[in-house]
Amino acid sequence: MAESKGYIRSSDEKGSINICQNVVAVIAAAAAVDVDGVHGLYQSPGRELTTVSGKKGISRGVKVSIDGDNIALDVSFIAELGYSVSEVGAVVQKAVITAIEEAIGIKVSTVNIHICGVSLKKAKQQV
């Protein structure tokens, strides 16, 4: 697979498959915010949080870099108080790698975790 103009490309005799970098970022973001202890993704410009509630810009806390067959990601998030920050970071790292490799079938070379702050735990929703 090779990268061209923001896409991950795969070609064979049947044709080509082109996956936009944004797809990788959204998969990574969804995996990250699903981890217990993650309050939300961190967006540096406005210091806002994003969640997977269908809001625009879900992947703003994720940067994707593609170099040939290597995918590297930077994931920035806010951790919740009451959790081990380093353990949450390690779980996010594993979750992102697993999600991308299972969804796209491409090996992830690096996931750099940036924990940019802490917040109170998410309120549990009542049914």
Side-chain angles (χ1 to χ4, degrees):
M1 292 203 179
E3 178 269 333
S4 176
K5 297 182 183 177
Y7 287 88
I8 300 167
R9 295 180 173 242
S10 173
S11 298
D12 63 14
E13 65 279 351
K14 297 176 187 173
S16 65
I17 298 172
N18 305 300
I19 303 169
C20 181
Q21 285 180 266
N22 292 339
V23 172
V24 177
V26 169
I27 292 167
V33 298
D34 199 35
V35 172
D36 286 338
V38 173
H39 184 75
L41 295 179
Y42 178 79
Q43 302 176 49
S44 52
R47 295 183 180 205
E48 301 170 25
L49 294 173
T50 26
T51 60
V52 183
S53 61
K55 294 182 180 175
K56 218 175 174 184
I58 181 178
S59 63
R60 287 194 182 153
V62 179
K63 289 184 359 182
V64 178
S65 176
I66 300 171
D67 181 20
D69 289 338
N70 293 317
I71 297 177
L73 294 99
D74 285 279
V75 180
S76 301
F77 67 90
I78 307 293
E80 291 181 357
L81 287 174
Y83 291 88
S84 167
V85 176
S86 59
E87 287 178 18
V88 171
V91 172
V92 168
Q93 198 172 41
K94 288 178 186 177
V96 166
I97 291 169
T98 301
I100 292 170
E101 290 180 352
E102 287 180 359
I104 299 177
I106 299 171
K107 185 164 175 45
V108 176
S109 60
T110 306
V111 176
N112 298 309
I113 299 296
H114 307 278
I115 302 168
C116 301
V118 292
S119 182
L120 297 175
K121 290 184 181 181
K122 296 176 195 171
K124 300 231 185 219
Q125 293 181 347
Q126 296 181 1
V127 178

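- The side-chain heavy atoms of V35 and F77, taken from C-beta on, include no pair separated by under 4.5 Å.
- The minimum heavy-atom distance linking A31 with A99 is given by the pair CB-CB, 3.7 Å.
- In this structure, NZ on K63 lies 11.0 Å from CG on L73, to the nearest 0.5 angstrom.
- By the 6.0 Å contact criterion, CG on L81 is enclosed, its count of non-hydrogen atoms from other residues, nucleotides or ligands being greater than 12.
- Between Y42 and I78, the shortest heavy-atom distance links the atoms CD1-CD1, 3.6 Å.
- A donor-acceptor pair under 3.5 Å links the side-chain atoms of Q21 to the main chain of V64, judged by distance alone.
- The shortest non-hydrogen separation linking A29 to L41 is CB-CD1, 3.4 Å.
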Anything under 3.5 Å between a donor and an acceptor, one on a side chain of residues 102-116, the other on a protein residue two or more places apart or in another chain? List them.
from : atom 1 : to  : atom 2 : distance (Å)
S109 : OG     : I71 : O      : 2.9
N112 : ND2    : D74 : OD1    : 3.4
H114 : NE2    : D74 : OD1    : 2.7

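- Counting only heavy atoms from C-beta outward, the side chains of V26 and V62 never approach each other to under 4.5 Å.
- Partners of S86 according to the side-chain contact (heavy atoms from CB on, under 4.5 Å) rule, which considers only residues two or more places apart in sequence or in another chain, are S84.
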